[in-house]
Trainee: 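Let me begin by handing over the structure; questions about it come next.
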Amino acid sequence: MVDLTLPIEKLKNVGAKNLPRLNKLGIKTVRDLLWHFPAKYDDYSRIVAIGDLEPDQRANIQGEVVKINVRRIFPRRLTIIDAIIQDDSGGIKAVWFNQPYIANALPEGTRVSLAGTVKLDKHGLYLSSPTYEKIHGDENYYSYNLTHTQGLVPVYPETEGITSKYLRFLIKPLLEEVAVPDPLPEDVRNRNGFLELRDALHKVHYPSILEESDRAKERLAFDDLLLFQIKALLERRKINQLKSLPVRFDKELITDFIAKLPFELTKDQKVAAWEILKDLEKSYPMNRLLEGDVGSGKTVVALIAAVQAAQAGYQTVFMAPTEVLAHQHFQTIQNLARHTGIQVGLLTAGTARSTTGETKKTDLKKQIASGRVKIVIGTHALIQKGVSFDELALVVIDEQHRFGVRQRAALVKDASKPSVPHLLSMTATPIPRTLALTIYGDLDISLIKEKPKNRQKIITKIVPPSGRQESHQFIRSQVKEGRQVFVICPRIELADPDKEVRSAGPQRKLNVLWADMKAVQEEYKKLSELVFPDLKVAMLHGKMKPKEKTQIMDRFKEGFIDILVSTSVVEVGVDVPNATIMMIENADRFGLAQLHQFRGRIGRGEHQSTCLLFTSTAEKSINQRLKALTDTDDGFILAEKDMAIRGPGEFFGSQQSGLPDLAMAALANVELIKKARAEARTMLKQDPNLVQYPLIKQQLLRFQSLVHFE
Ligand code: ADP
Ligand code: MG
């Protein structure tokens with residue numbers, strides 16, 4: 001019996017040439033090989049009598065080679081093999097190019113099985129380069145166990161030099177020889193109607209009907225989903241054993257603070273704030289994700305928690321992904337908290353500012369260390385490096401889903417203090433529920449679905465090439481009335497995407513920034529020189545220095561710039577109420593959820609806002625997809641749609657989630673996810689250390705080493 005952990009170089013059919021190619025597909029062990037699932041199946045389940053063949057039919061035929069010969073066409077160095085295959089009903093020609101060895105492999109008299117598409121030319125029907133395999137032994141063709149030409153034939157993800165035929169040739173015999181212990185106990189399998197692992201593997205590679213492969217995939221996806229759930233529960237258990245500063249929920253104080261806000265909180269904001277304040281009372285760390293569309297008012301909810309912590313004598317740190325956003329948070333928080341007398345500080349690579357009047361970094365750091373400044377706002381990079389707190393109770397992070405316990409603990413440098421601050425992470429990415437349950441199973445989630453009442457509906461329009469001029473005129477008229485415009489353009493495709501992928505790490509990041517800059521520069525040139533030479537156009541891209549970016553953003557906010565051209569990656573969530581137009585170039589190249597995010601940057605003020613989706617095509621199907629945006633402004637509906645259209649893998653990126661493809665695909669299957677949650681709970685309840693499930697435990701370790709969270 002072959003062991004699943006056996007390295008593939010030990011297999012006799014894997015040579016020195018193919019080993020690196022297989023590695024490139026991520027295949028290193030027999031397990032990897034067997035878990036390299038077909039992308040689809042070619043349906044050759046019907047054996048067709050040659051006399052019944054029709055043009056364009058995809059078919060399996062079985063017969064005898066009655067004639068075969070090789071022709072060489074010298075000037076073009078072409079070798080052509082012509083063969084005639086015959087069964088009881090008739091004969092057909094088969095043609096192959098540049099594979100002279102086939103003549104030796106299939107001498108006249110050989111019984112052969114062919115699979116391919118039937119073609120028609122002036123001489124009649126023929127098969128062009130069909131897949132072939134010899135039939136050995138018995139007269140009765142039907143009893144043969146064919147690999148490449150009969151039944152549902154697996155088609156695998158391939159790479160240069162590694163064909164599906166070769167993979168079938170490796171995988172099929174292994175399925176018989178390998179020992180596949182099942183990590184799922186029988187009662188779990190029975191309860192859920194799952195196939196045994198060995199059976200599932202057989203059926204995912206060689207199903208006899210498609211339904212079989214569906215059942216097999218469900219079982220295999222379940223294994224991954226279960227691991228995700230177990231991992232989340234273990235993570236949660238670990239966190240619940242850690243110590244945090246409990247912050248008493250002072251209802252009077254909070255009611256008063258809310259009453260003094262310049263606007264009324266939405267119901268969802270109130271509920272979220274309440275959930276957070278309840279969590280803060282606990283002596284183990286909160287682990288909560290605050291999800292709300294752009295502009296839904298997450299900052300003030302986090303601020304409520306920070307105010308409560310401050311009144312209890314503790315500190316809060318807000319970490320923003322960029323300097324621009326850190327500045328913006330500082331302004332908002334400073335305004336909203338002014339009457340409370342709580343001291344607020346801003347610390348970024350470029351600046352130090354504080355309500356205490358401090359403008360020197362070193363002095364501000366001292367005030368943070370002494371506990372005088374209670375709310376500290378900064379960028380991730382800076383805060384994590386050189387800041388000591390007095391008593392840090394709460395960490396708020398913006399636009400990043402995860403912030404590990406270890407990273408949090410590192411912020412508390414005094415070993416005598418409770419070790420891990422509470423965490424509130426905020427995101428404007430509406431995450432479909434199944435995805436959240438799976439990937440963020442260790443987080444509690446608060447949702448803000450409702451928008452503040454004063455928001456205007458944004459008009460969204462799809463602009464085909466013929467409508468450009470009119471839109472440009474509209475933009476000009478809006479600018480004349482004093483409004484401002486965001487322009488987003490997608491990255492120009494990198495010259496060699498393959499190279500981009502291979503060069504991971506800093507080089508890749510550089511390439512990406514480079515491509516971004518080029519896209520922005522071209523658009524900037526076009527708009528500033530040709531389309532709007534009379535208006536003030538500026539650009540923003542990832543290769544600029546943080547200070548430059550902040551300056552441009554500030555000038556835009558202050559109204560000195562009419563039109564700001566930027567890439568998709570810069571400054572999610574900036575708040576410029578006077579910007580009322582969002583123009584997106586090549587909108588069809590973005591996902592719905594992302595387009596919705598861009599749109600969320602406008603519609604924040606009193607004026608009517610418009611989002612213009614420029615497309616380079618008038619093609620119906622593409623514009624149909626974009627139409628979803630004109631139909632709804634609910635980010636959650638759009639996210640679900642986006643996931644349905646593009647598939648969960650594209651929507652979220654398998655890389656980012658760490659979920660294998662099958663499990664990704666299974667995210668559409670709510671029932672399966674519920675089952676995985678339930679089984680994970682039961683297992684851990686009965687057996688907290690998974691002693692009875694050594695195989696699952698082993699997989700968990702393997703899996704943890706594979707998954708890298710943000
Ligand atoms: P996001 O959820 O995108 O981070 P912000 O917290 O930046 O949104 O809020 C966007 C704007 O809406 C801010 O100017 C904020 O002061 C304002 N705001 C927040 N809540 C409300 C509300 N309930 N009513 C009116 N305006 C609000
Ligand atoms: Mg925000």
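Order of listing sets the numbers, starting from 1, for every ligand and every atom in it.
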Trainee: Distance alone, cut at 3.5 Å: any donor-acceptor contact between the side chains of Glu450 and Ser296?
Mentor: no
Trainee: Considering both backbone and side-chain atoms of Thr299, is one of its nitrogen or oxygen atoms within less than 3.5 Å of a nitrogen or oxygen in ligand 1?
Mentor: yes
Trainee: Does the N or O separation between Gly297 and ligand 1 drop below 3.5 Å for any pair?
Mentor: yes
Trainee: Out of all atoms in ligand 1, which are within 4.0 Å of some heavy atom of Thr266? Include the element for each.
Mentor: 23 (N)
Trainee: Measuring centre to centre across the rings, with the benzene-like ring taken for any Trp, is His541 within less than 6.0 Å of Tyr524?
Mentor: no
Trainee: Check Asp293 with Lys298, please: is the shortest side-chain N to carboxylate O separation under 4.0 Å?
Mentor: no
Trainee: Heavy-atom contact check, 4.0 Å cutoff: does Gly292 meet ligand 1?
Mentor: no
Trainee: Taking N or O atoms only and a 3.5 Å limit, does Gln269 qualify as a polar contact for ligand 1?
Mentor: yes
Trainee: Would you say Glu264 and ligand 1 have an N/O pair spaced under 3.5 Å apart?
Mentor: yes
Trainee: So does Arg248 pair up with Glu281, basic N to acidic O under 4.0 Å?
Mentor: no
Trainee: For Asn578 and Gly482, indicate whether the former's side chain and the latter's backbone hold a donor-acceptor pair under 3.5 Å.
Mentor: yes
Trainee: For Gly295 and ligand 1, answer yes if some heavy atom of the residue is under 4.0 Å from a ligand atom, otherwise no.
Mentor: yes
Trainee: At a 4.0 Å threshold, what atoms of ligand 1 neighbour a non-hydrogen atom of Leu265?
Mentor: 23 (N)
Trainee: Is ligand 1 under 4.0 Å from a heavy atom in the side chain of Met426, in the backbone, in both, or in neither?
Mentor: neither
Trainee: Think Lys251 forms a cation-pi with Phe249, using NZ or CZ under 6.0 Å from the six-ring centre and within 45 degrees of its axis?
Mentor: yes
Trainee: Where does the angle between the aromatic ring planes of Phe532 and His472 fall among parallel (under 30°), tilted (30 to 60°) and perpendicular (over 60°)?
Mentor: perpendicular
